[in-house]
A.B. asks: 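I have a structure here, written as structure tokens, and I will follow up with some questions on it.
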There are 2 protein chains.
Amino acid sequence: MPAQPHPESASRAEVDEADKADKGDEAGKDKPGGARGVATAHGGSIAAVARRAGVSVATVSRVLNGHANVRPATRARVLAEVESSGYRVNELARNLRTAESRLLLTMVPDFGNPFYAEIVRGIDSVARRAGYFMLLCDTGADAGRERSYFDLLRRHRADGAICLDPATVQQANRMMADESQALPWVACCEFDPAVGVPYVGIDNFRAARDAVRHLIASGRRRIALINSDDHYLYAQQRRDGYLAALAEAGIEMRDAWRVNVNCLDYEAGAQAAAALMRLSREAAPDAIFAVSDTLAVGVLNGLRGARSRVPEDVAVVGFDDIALAAQVDPPLTTVAQPMRELGETAARLLLRRLADPQAQVPGVLLPHRLVIRQSA
Amino acid sequence: MPAQPHPESASRAEVDEADKADKGDEAGKDKPGGARGVATAHGGSIAAVARRAGVSVATVSRVLNGHANVRPATRARVLAEVESSGYRVNELARNLRTAESRLLLTMVPDFGNPFYAEIVRGIDSVARRAGYFMLLCDTGADAGRERSYFDLLRRHRADGAICLDPATVQQANRMMADESQALPWVACCEFDPAVGVPYVGIDNFRAARDAVRHLIASGRRRIALINSDDHYLYAQQRRDGYLAALAEAGIEMRDAWRVNVNCLDYEAGAQAAAALMRLSREAAPDAIFAVSDTLAVGVLNGLRGARSRVPEDVAVVGFDDIALAAQVDPPLTTVAQPMRELGETAARLLLRRLADPQAQVPGVLLPHRLVIRQSA
DNA sequence: CTGAAAGCGCTAACAT
DNA sequence: ATGTTAGCGCTTTCAG
């Protein structure tokens, strides 16, 4: 199989299949000093292949990497030897030599959340086509840690990074005001255009405003907002969109209707909804806008527990449009984010940055869309 | 910070923080031949640190790796230099030298599925404590590909692998009958005890039988099974458990009640349920056992569309007990799998194998549990 | 307790 | 078109 044809792909010849065991190796000559065979696995080295094929290591390397200047006959001979010996390139060595890990780091606050899972898929798909693999870090897994994930870049563990975690994005923006721009990373979903780090996301202000406008248009006046931590930029933007919609309709906003949660899981949504419905009859909301579908699904459950009907008593609007949104009862009206594209775009921006460190990579805003189902 | 105290952890001194830029580097001497500075990033090399600290590279290495034989004063001097220069070890070089990538490959059929997401978390948590990072591959992403993911092991891209994908597990068991036992990997959830590859999972036969027994105990007689591809071992085992429960109760099994789907998402469950309810009144089931909660959630939706009440008209039992199971309406009765532990155990087995390649790593079966909620 | 030096396996000059 | 060879940056003998 020759070099991969895909435009973005690294031009390395893939050495697939051929599962036979290796023939005699250089068998530890036991020279004095240095590590003996510590790194030598079953496959043999490129030198062993070269010797058996009767060519130099350079030629084997050229064949392996799909370089042009190799006579077909020679190439065939090398390939045959590779095939029969089951040789596999040692990427550890290749990586050191080329000074790249061909790994992309993806930092997620919680990949149990389907929203992030879908974005990660988008990242993975374009990364792989470009010959990169994905190092996945659940930043929520050890929240207490001081350690910076960006150190993984400095230590050459990954060539670039995509950060989906708002907390980590903010920490990065703060802690390395200048250096963060030097490190090859892009922010996804949470971003600060002012900082100069490439990003991709949506217009959270408008998206939230659209959602609340919809609620208002359908006659709701007592609209609650279940938001994530106001510390995050996207949370602030969505809150402002909510406030703007209320203001333009001349609707009063009550503090009791604004609740912040520090976790976006179902349980948090259910509890927030339950708390909201414990307000006195005249203070209880007739609509709830949750900034995440997982939260909204929990809200549906909390409302059920409070014996409130949706949408009759309380209308519910979610955010993201994860697959689950269409399955719950009632199906969720929600603000769709192009999750897949968010991930793909993030990866492409990063790849562009890696291909040309000088490149001026832009920030991009993708369109959102209000999906009206039956919960509002 | 000295060597990490954690029992499983690699004893490498962590070099955190210190974000200042590096001082003057060796500055490409431009010797003839060889690559000049191609791999030299901002941080400077260990040699530069050694020179500036007035010690040898060996000493710096010893300090960095928390070795004992270094005079406190020397250690302090090195640490100070590391700190002030913002030096970071180049793991590419370290990896080549030590012949390990310190990466664990995790193969998942679909990490959009919360079941797998939770297992992956379990893996990640123990892997990280042991100083490994996780390379995540969504095997469903490029299903058509012939390429073997196990090649990543042979190419030293990862030190070991955990496979959660039934298709890939079977392919591995088939394609490399002997070699698969040599490669450091463990099967999770889908496994064949006969093959000799370490594994962790549950007793699928018993779990399914328990679920169906529960249905029978609550008076159901017309029990449908929505299973995944019968090609998979776990699917066969669950089917057999279903059949056994039916047989021991002397209940007839109808072919029309057995449906196989090749995808475990909500939509597949909804469609399967809809199809089941299109059967004539006397042929329609009064209970549905779905082998995955995602399927079961879809079933709930499909049943709603068919105007069947749950559990009055049709009882539903799912499998896995993902967080969502408790949120839907009605809350799902399901067979709980210890997802987190499944992942943690898989990682521990693999780690044990890596620590001692000769070690006889066992197969382990974790307990399941029937969680009765309101759907059945 | 410290230093000198040998490579790990590979890629890419540079020569032929 | 092919071979020779110099390192990539690190860890680890082995000597002192």
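Below, read A as the first sequence line, B as the second, and so on, with proteins coming before strands; counting in each chain starts at 1. Atoms considered below: every heavy atom in the structure, side chains included; atoms not considered: hydrogens, waters and symmetry mates.
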A.B. asks: To the nearest Å, give me how far apart CD (E100(A)) and C1' (dA12(C)) are.
C.D. replies: 14 Å
A.B. asks: Compute whether any side-chain donor of one residue and acceptor of the other, for D159(A) and S101(A), lie under 3.5 angstrom apart.
C.D. replies: yes
A.B. asks: Identify which nucleotide among dC10(C), dT4(D), dC1(C) has an atom closest to any side-chain atom of A58(A), counting heavy atoms from C-beta outward.
C.D. replies: dT4(D)
A.B. asks: Look at T98(B) and dC8(C) and indicate whether a side-chain polar atom (N or O) is within less than 4.0 Å of OP1 or OP2.
C.D. replies: no
A.B. asks: Could you give the CG-to-C1' distance, from L64(B) to dT2(C), as a whole number of Å?
C.D. replies: 16 Å
A.B. asks: Taking all non-hydrogen atoms of both residues into account, name the closest pair between R352(B) and A359(B) and its distance.
C.D. replies: O-CB, 4.3 Å
A.B. asks: Rounded to whole angstroms, how far apart are CG on N95(B) and P on dG9(C)?
C.D. replies: 14 Å
A.B. asks: If you find the nucleotide of DNA chain C closest to R75(B) and the one closest to L92(A), which residue's nucleotide is nearer the 5' end?
C.D. replies: R75(B)
A.B. asks: Taking OP1 and OP2 of dG3(C), is either one under 4.0 Å from a side-chain nitrogen or oxygen of S56(B)?
C.D. replies: yes
A.B. asks: So does R62(B) reach the base of dG3(C) with its side chain, donor to acceptor, closer than 3.5 Å?
C.D. replies: yes
A.B. asks: Without decimals, in angstroms, what is the distance between L96(B) CG and dT11(C) C1'?
C.D. replies: 13 Å
A.B. asks: Between D151(A) and R154(A), is the salt bridge (charged side-chain N to carboxylate O under 4.0 Å, His left out) condition met? List the steps.
C.D. replies: CA-CA 5 Å; D151(A) 248 17; R154(A) 302 195 191 92; 2.3 Å; yes
A.B. asks: Could you pick out which residue, A93(A) or S61(B), lies toward the 5' side of DNA chain D when each is mapped onto its nearest nucleotide?
C.D. replies: A93(A)
A.B. asks: So, does N65(A) use its side chain to make a donor-acceptor pair with the main chain of H67(A) at under 3.5 Å?
C.D. replies: no
A.B. asks: With DNA chain D as reference, determine whether P72(A) or V57(A) sits nearer its 5' end, using the nearest nucleotide of each.
C.D. replies: P72(A)
A.B. asks: Kindly say if R71(A) contacts the phosphate of dA1(D), meaning a side-chain N or O under 4.0 Å from OP1 or OP2.
C.D. replies: no
A.B. asks: Please tell me if T59(B) has a side-chain N or O lying less than 4.0 Å from either OP1 or OP2 of dG3(C).
C.D. replies: yes
A.B. asks: Side-chain contact test, heavy atoms from C-beta onward, threshold under 4.5 Å: evaluate it for V108(A) versus L136(A) and give yes or no.
C.D. replies: yes
A.B. asks: Nearest whole Å is fine: how far is dG9(D) P from H156(A) NE2?
C.D. replies: 8 Å
A.B. asks: Report yes if at least one side-chain N or O of N65(B) is closer than 4.0 Å to OP1 or OP2 of dT11(D); otherwise report no.
C.D. replies: yes
A.B. asks: Please determine whether salt bridge (charged side-chain N to carboxylate O under 4.0 Å, His left out) holds for the pair R77(B) and E81(B), giving the CA-CA distance in whole Å, both sets of side-chain angles, and the decisive distance to 0.1 Å.
C.D. replies: CA-CA 6 Å; R77(B) 195 144 36 91; E81(B) 180 53 39; over 6 Å; no
A.B. asks: Rounded to whole angstrom units, what separation is found between the CD1 atom of I46(A) and the C1' atom of dC10(C)?
C.D. replies: 6 Å
A.B. asks: Pick base, sugar-phosphate or nothing for V55(B), based on heavy-atom distances below 4.0 Å to the nucleic acid.
C.D. replies: sugar-phosphate
A.B. asks: Below the 4.0 Å mark, does dC10(C) have OP1 or OP2 next to a side-chain nitrogen or oxygen of Y87(A)?
C.D. replies: yes
A.B. asks: Send over the distance from R94(B) CZ to dC10(D) C1', rounded to a whole Å.
C.D. replies: 8 Å
A.B. asks: Should N69(B) be listed as having a side-chain N or O under 4.0 Å from OP1 or OP2 of dT2(C)?
C.D. replies: no
A.B. asks: Just how far, in rounded Å, is P of dC8(C) from CZ of R88(A)?
C.D. replies: 22 Å
